K.L.:
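Starting off with a structure, shown below.
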Amino acid sequence: MSVVSVMRIRRKPFGHKNNIGRKIIELRKQKGYSQKDLLTRIQLLGWNLDDAVLSKIEGQDRAIKYEEQKIIAKALNVDPDDLSSDPTAY
């Protein structure tokens, strides 16, 4: 039996509580990671972040703490500053 991955379409506009959510999505998709894959990588690094929190961060509906930014960047194998380098992310 094969498993088919279905990508959901974002139904609501991006929020304004952080300016890196879109960059996280972009990098996650470039690496072929689902949100669940990224959460697993984050948890393997010893950080407990749940799917609702990651979804809100990606949707820019929740502010992100620098510690969270660092661990997400590490899970994506990028520098934390790479997440906030896009001035058009807002």
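Here the structure is a predicted model, which means the values were calculated and not measured.
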K.L.:
Less than 4.5 Å apart, any side-chain heavy atom of Trp47 and any of Glu67?
P.N.:
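Of all side-chain heavy-atom pairs linking Glu67 with Trp47, at least one is under 4.5 Å.
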
K.L.:
So do Tyr66 and Ile71 actually touch side chain to side chain, heavy atoms under 4.5 Å?
P.N.:
no

K.L.:
Measuring from Lys29:NZ to Ile24:CD1, what's the distance to the nearest 0.5 Å?
P.N.:
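Atom-to-atom, Lys29:NZ and Ile24:CD1 are 13.0 Å apart.
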
K.L.:
Could you walk me through whether Leu49 and Gln43 satisfy the side-chain contact (heavy atoms from CB on, under 4.5 Å) test, starting with their C-alpha distance in whole Å, then the side-chain angles of each, then the deciding distance to 0.1 Å, before giving a yes or no?
P.N.:
CA-CA 7 Å; Leu49 194 70; Gln43 290 170 349; over 6 Å; no

K.L.:
Taking atom types as modelled and ignoring hydrogens, do the side chains of Ser34 and Asp37 form a donor-acceptor contact shorter than 3.5 angstrom?
P.N.:
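Yes, because at least one side-chain N or O of Ser34 sits under 3.5 Å from a partner of the opposite role on Asp37.
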
K.L.:
Rounded to the nearest 0.5 Å, how far does CD of Gln35 lie from CD1 of Ile57?
P.N.:
10.0 Å

K.L.:
Does Glu58 come within less than 4.0 Å of Arg28, counting only side-chain N to carboxylate O?
P.N.:
yes

K.L.:
Are Gln69 and Ser84 side-chain neighbours, meaning at least one heavy-atom pair lies under 4.5 Å?
P.N.:
yes

K.L.:
How many angstroms lie between atom CD1 of Ile42 and atom CD1 of Ile72, to the nearest 0.5 angstrom?
P.N.:
5.0 Å

K.L.:
Measure the spacing between CZ of Arg41 and CG of Leu76 and express it to the nearest 0.5 Å.
P.N.:
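CG of Leu76 is found 7.5 Å from CZ of Arg41.
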
K.L.:
Can Glu26 and Lys31 be said to form a salt bridge (charged side-chain N to carboxylate O under 4.0 Å, His left out), step by step?
P.N.:
CA-CA 9 Å; Glu26 176 188 327; Lys31 296 185 181 287; over 6 Å; no

K.L.:
Where do Ile25 and Phe14 come nearest, in terms of heavy atoms and distance?
P.N.:
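Where Ile25 meets Phe14 most closely, the heavy atoms are CD1-CE2, 3.9 Å.
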
K.L.:
To the nearest 0.5 Å, how far apart are CG in Asp50 and CG in Asn48?
P.N.:
7.0 Å

K.L.:
Measuring from atom CD of Gln60 to atom CG of Asn18, what distance do you get when rounded to the nearest 0.5 angstrom?
P.N.:
5.0 Å

K.L.:
Quick check: does any side chain N or O of Ser55 sit under 3.5 Å from a backbone N or O of Asp51, one acting as donor and the other as acceptor?
P.N.:
no

K.L.:
Taking all non-hydrogen atoms of both residues into account, name the closest pair between Leu38 and Ala75 and its distance.
P.N.:
CD1-CB, 3.7 Å

K.L.:
Quick one: which of Asp81, Asn77, Leu83 gives a side-chain contact (heavy atoms from CB on, under 4.5 Å) with Asp79?
P.N.:
Asp81

